[in-house]
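Read through the structure below, which is laid out as structure tokens, and then see the notes.
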Amino acid sequence: MVGLCLALALAEQGFEVVVLDAQPPPAGLAQLQTTLAEPAFDSRVSALTPASQAWLQQLGVWEALAALRVCPYSDMQVWDADGTGAIHFTAEQVHAPCLGHIVENRLLCAVLYQALRQLPQVSLHNGHTLKQIEQSIDDSNSTRVLCDNGASFRCRLLIGADGGNSVVRTLCGFTTREWSYQQQAIVCTITTASPHQFTAWQRFTTAGPLAVLPLLLPGAPSQHCCSIVWSCDNDQAAALMALPAADFAAELQRAFESRLGPMALLTARVAVPLQQQHATTYTKPGVALVGDAAHTLHPLAGQGVNLGLADARCLAEVLAQARQRGEDIAALQTLSRYQRARTGPNLAMMLSMEAFKRAFGSDSLMLRWLRNAGLKVANRNLALKRTLIQQAMGLSP
Ligand SMILES: Cc1cc2nc3c(=O)[nH]c(=O)nc-3n(C[C@H](O)[C@H](O)[C@H](O)COP(=O)(O)OP(=O)(O)OC[C@H]3O[C@@H](n4cnc5c(N)ncnc54)[C@H](O)[C@@H]3O)c2cc1C
């Protein structure tokens, strides 16, 4: 998602872009249209902030995405399983039409591919897995990348947008600070007996947060499909994954305190290992990292792709400006402007997610009292709530 957005932004500014993606291309829009009335949702979804939406609008892909299938959410309900602390955010509190949208990752990729295919300055190479990088030692100032299928490409600037296990990051010798949570996130799509009320729900337990996110079928009044992200320790995740679907749904309903009534599974469950990592630098001469390749964080705040899109937007602006000024786009001096602009916001988000994770992951009586009291105080303070909402919407630093 992040790499495709960046490719589009750069190509729209006239850069020549080569996209290598290990994955096959997603189905075309015409083919996707025929399946959208069915509740065959992608189990990987993202909560996109209004800031990300605004950039996708600027890139000219939001309308196509919205015409496929997105679900706005106007409310967020967050509560602590071990107490009575809760906080309720609404779009009304910040006079906005919604707090964000839940989008299916594969649909976002599909509209981005559709837009990229229209641009002659872009060449797309799917099923190409990068496995080797040679930075020039001659005076061509270029980087050569080799793929597992024997194909090779030369570029002036190599951008690693290849996710949390970035091969570009490893091969170019970037170091990371990382810690594994020994946790997995179980994701799948479910139906709920009661309507989701266009609300993103999050229940915090000491084992990890359980998020229930609203989905919408186009043309149907139904508000009964949701995506879940259930983060829990490895042992608990393995036990939950081993349960038959009906038993898992019963466990889920219990963990969610039956707030939306009985639940049933619509898709198979997928367990994703969770880790947090941050590259100590995002740039070297001729190379830059964006998105999860630069930083991977716990999904509890649903911010990973939003931070990645902000990286991509920033890097595209830095490169366009450098070209206008006649500067070298691959020089460390140029790329450092991107790094300086993005490290602070990314690090701040990662630290606050870690603090949240630790506060809610503790059994300590004192911490339980504090977090419950904190949630109650925050829930009564409209000014504080507005600040928190604006941060979550990507509208303030
Ligand atoms: C359970 C869960 C829920 C989440 N929910 C949210 C949410 O609600 N909101 C949010 O903002 N974020 C969310 N996130 C985080 C979000 O999914 C990631 O931040 C996002 O996917 C990162 O996008 P990316 O494009 O940087 O990397 P990726 O999505 O990992 O994409 C990397 C791409 O690189 C390609 N690739 C990898 N290696 C190679 C190679 N060697 N050669 C060629 N191509 C390669 C892959 O095929 C892939 O296409 C969630 C994460 C998890 C685990």
Side-chain angles (χ1 to χ4, degrees), residues 1-7 18-26 42-49 51-53 71 73 76 99-106 108-109 112-113 124-133 145-149 151 153 158-172 181 183-188 200 202 208-215 227-232 237 269-277 279 282 289-312 346 349-350 353 392-394:
M1 293 181 280
V2 173
L4 295 175
C5 283
L6 179 55
V18 176
V19 178
L20 305 182
D21 190 351
Q23 297 293 323
D42 185 3
S43 41
R44 292 300 306 268
V45 303
S46 301
L48 287 191
T49 60
S52 295
Q53 176 191 350
C71 184
Y73 57 96
M76 271 175 79
L99 296 175
H101 288 82
I102 308 297
V103 307
E104 290 160 77
N105 294 2
R106 76 178 167 128
L108 177 53
C109 288
L112 288 165
Y113 266 107
L124 297 166
H125 302 271
N126 288 93
H128 282 56
T129 303
L130 184 152
K131 64 161 195 185
Q132 203 180 322
I133 298 171
V145 298
L146 289 106
C147 298
D148 61 348
N149 57 5
F153 302 85
L158 173 65
I159 300 173
D162 50 343
N165 297 319
S166 171
V167 171
V168 173
R169 191 183 63 219
T170 308
L171 292 179
C172 292
Y181 289 117
Q183 281 202 331
Q184 318 240 336
I186 300 177
V187 293
C188 69
Q202 182 125 276
L210 165 61
V212 174
L213 307 169
L215 297 172
S227 178
I228 66 145
V229 183
W230 191 353
S231 309
C232 43
R269 287 155 277 173
V270 180
V272 189
L274 296 181
Q275 59 175 358
Q276 179 137 305
Q277 62 182 356
Y282 300 171
L289 302 175
V290 291
D292 271 27
H295 45 73
T296 313
L297 67 164
H298 198 287
L300 70 87
Q303 287 295 340
V305 79
N306 292 298
L307 292 183
L309 295 181
D311 292 348
N346 289 339
M349 181 62 78
M350 295 183 89
M353 285 314 98
M393 291 168 87

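Remember, predicted model here, so these are calculated numbers, not experimental data. Atoms within each ligand, like the ligands themselves, are counted from 1 in listed order.
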ask   = Considering residues at least two apart in sequence or located in another chain, which fulfil the side chain to side chain donor-acceptor pair (under 3.5 Å) criterion with Q303?
value = none

request  = Any chance you could measure M1, atom CE, to L6, atom CG, to the nearest 0.5 Å?
outcome  = 14.0 Å

note = Within the 4.0 Å heavy-atom cut-off around ligand 1, the contacting residues, ordered by chain and number, are M1, V2, L20, D21, A22, Q23, R44, V45, S46, A47, H128, T129, L130, A161, D162, G163, V167, A185, V187, V229, V272, G291, D292, P299, G302, Q303, G304, V305, N306

inquiry  = Taking salt bridge (Lys or Arg N to Asp or Glu O under 4.0 Å) as the definition, give me every residue that meets it alongside R269, ordered by chain and number, with sequence neighbours left out.
reply    = none

key: Neighbour count above 12 (heavy atom, 6.0 Å) for D148 CG   = yes

query = Can you name the side-chain contact (heavy atoms from CB on, under 4.5 Å) partners of A310, sequence neighbours left out?
reply = R342

request  = Answer with yes or no whether the side chains of Y282 and D311 bring together a donor and an acceptor at under 3.5 Å.
outcome  = no

